[in-house]
Amino acid sequence: MSEPALRLSGIEKTYNRGQTAEIRVLRGAALTLAPGEVTALVAPSGAGKSTLLHIAGLLDVPDAGTVEIGGQDMTGASDRARTRVRRRDVGFVYQFHHLLPEFSALENVALPQRAEGTGRRAAEARARELLDSVGIADRAGHRPAALSGGEQQRVAFCRALANAPRVLLADEPTGNLDPATSDRVFAALMTLVRETGLAALIATHNLELAARMDRRLRLEEGTVVAD
């Protein structure tokens, strides 16, 4: 059996509100993602799914519990080590694309590779390949403002996968799109994930999209349960 791409165990997270109020968001949350698996995380707004994704992606630190990426336990890791693993092994996609407006689609996808030391020619070749795989190679030279919402989000998917991560974490990636565009963008995402064989955890309110994934999990009262 292959090593899990991501394993969360006993994740606890509490936020303080003022001097006395506490909000316990995660209560021993646990999950495991296998390479090539696309998993839906379904939860109402405010249930803690964004917190869980941020912890899984090493953007936040749990109060207790462990995060393993590719078998590497990141508990107690330094900020530098967490940044290195996050840049190399984790891709993020959010509801809003967060593309850099002054750069073209091609440049936005090439940037994460350039930050990791990939040469310009190789980075742009990889970027073109990814953009072509989601059907927007002809938009490579356009800046975000000249792209439709669906095109912008497809560029964001390509950027997230530019460094060939182990894990893709997506927080409501189609939540800002109309139903028809959402369906096309989700299909493009699934194509990318299937072709790369990474593990994907996709938080969504859309039960129809969730039903198209390999597995569905729910976040209830701070714990993760099978749907």
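All values below were derived from every heavy atom in this structure, side-chain atoms included, with hydrogens, water molecules and symmetry-related copies excluded.
- Look at Arg215 and Glu37 and you find a salt bridge, because one of the NZ, NE, NH1 or NH2 atoms lies within 4.0 Å of a carboxylate O, short of that distance.
- In this structure, CZ in Arg166 is found 6.5 Å from CD in Glu3, a value given to the nearest 0.5 Å.
- The CZ atom of Arg24 sits 10.0 Å away from atom CD of Glu22, with the distance rounded to the nearest 0.5 Å.
- Remark: Glu107 does not engage Arg143 in a salt bridge, criterion side-chain N to carboxylate O under 4.0 Å.
- The aromatic rings of Tyr94 and His98 lie perpendicular to each other, with more than 60° between the two planes, well past the 30° mark.
- Here the CZ-CD distance, from Arg126 to Glu129, works out to 6.0 Å after rounding to the nearest 0.5 Å.
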| Worked verdict on Asn163 versus Arg88 for side-chain contact (heavy atoms from CB on, under 4.5 Å) | CA-CA 6 Å; Asn163 283 329; Arg88 183 188 66 209; over 6 Å; no
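- Looking at Arg212 and Asp183, a side-chain N of the basic residue comes within less than 4.0 Å of a carboxylate O on the acidic one, giving a salt bridge.
- Residues Val61 and Leu31 fall into different hydrophobic clusters, defined by Ile, Leu, Val, Met, Phe, Trp and Tyr side chains chained together at heavy-atom separations under 4.5 Å.
- Under the 4.5 Å side-chain heavy-atom criterion for ILVMFWY residues, no single connected hydrophobic cluster contains both Val90 and Val38.
- For the residue pair Ala226 and Leu217, the shortest heavy atom distance occurs at CA-CD2, 4.0 Å.
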| message | Determine whether Lys49 and His205 satisfy the following criterion, side-chain contact (heavy atoms from CB on, under 4.5 Å), listing intermediate values before the conclusion. | response | CA-CA 11 Å; Lys49 64 182 184 300; His205 283 113; 3.8 Å; yes
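- For the residue pair Thr66/Asp73, the side-chain donor-acceptor check at 3.5 Å is not satisfied.
- Taken together through direct or relayed side-chain contacts under 4.5 Å among Ile, Leu, Val, Met, Phe, Trp and Tyr, Leu168 and Val155 form part of one hydrophobic cluster.
- Of all heavy-atom pairs spanning Ala105 and Leu147, the tightest one is CB-CD1, 4.3 Å.
- Using a distance-only test at 3.5 Å, with no hydrogens or angles considered, no donor-acceptor pair links the side chain of Glu12 to the main chain of Ala64.
- For the residue pair Ala29 and Gly222, the shortest heavy atom distance occurs at CB-O, 3.7 Å.
- Residues Ile55 and Leu26 meet the side-chain proximity criterion, which asks for heavy atoms closer than 4.5 Å.
- Counting heavy-atom neighbours within 6.0 Å of Glu102 CD, excluding the residue itself, gives a total above 12.
- Side-chain contact between Leu52 and Lys13 is absent, with no heavy atoms from C-beta onward closer than 4.5 Å.
- At a threshold of 4.0 Å, the pair Glu151-Arg154 does not count as salt-bridged, since none of the basic side-chain nitrogens sits closer than that to a carboxylate oxygen.
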| request: Quick one: do Arg159 and Leu99 satisfy side-chain contact (heavy atoms from CB on, under 4.5 Å)? Show the steps, please. | output: CA-CA 9 Å; Arg159 180 183 58 186; Leu99 299 174; 3.6 Å; yes
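- Here Phe103 contributes atom CZ and Asn108 contributes atom CG; the two are 7.5 Å apart, rounded to the nearest 0.5 Å.
- The cluster map of Ile, Leu, Val, Met, Phe, Trp and Tyr, joined by side-chain heavy atoms under 4.5 Å apart, puts Leu201 and Val25 in the same cluster.
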| task | Evaluate the criterion side-chain contact (heavy atoms from CB on, under 4.5 Å) for residue pair Arg139 and Leu131; output intermediate values, then yes/no. | result | CA-CA 8 Å; Arg139 310 291 282 168; Leu131 292 171; over 6 Å; no
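- Considering Val134, Leu198, Val109 as possible partners of Leu161, the one that fulfils the side chain to side chain contact (heavy atoms under 4.5 Å, CB included) test is Leu198.
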| query | Do Arg194 and Thr191 pass the side-chain hydrogen bond (donor to acceptor under 3.5 Å, both in side chains) test, and can you show the C-alpha distance, the side-chain angles, and the key distance before you say yes or no? | reply | CA-CA 5 Å; Arg194 296 301 188 202; Thr191 297; over 6 Å; no
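- Once rounded to the nearest 0.5 Å, the distance linking CZ of Arg87 with CZ of Arg82 reads 15.0 Å.
- For the pair Glu68/Pro4, no side-chain contact is recorded, criterion being any heavy-atom separation below 4.5 Å from C-beta on.
- In this structure, Glu116 places its CD atom where more than 12 heavy-atom neighbours from other residues, nucleotides or ligands lie under 6.0 Å away.
- Using a 4.5 Å heavy-atom cutoff, the side chains of Ile11 and Val67 are in contact.
- Between Leu8 and Val224, the closest side-chain pair of non-hydrogen atoms is not below 4.5 Å.
- Between the side chains of Asn206 and Thr204, no donor N or O sits under 3.5 Å from an acceptor N or O.
- Met213 and Val42 fall into different hydrophobic clusters, where Ile, Leu, Val, Met, Phe, Trp and Tyr side chains are chained together by heavy-atom contacts under 4.5 Å.
- The nearest pair of heavy atoms linking Asp171 to Ser50 is OD2-OG, 2.6 Å.
- When all heavy atoms of Leu130 and Ala162 are compared, the pair lying nearest together is CD1-CA, 3.7 Å.
- Of all heavy-atom pairs spanning Gly48 and Leu219, the tightest one is C-CD2, 3.4 Å.
- In this structure, CE in Met190 is found 6.5 Å from CD1 in Ile202, a value given to the nearest 0.5 Å.
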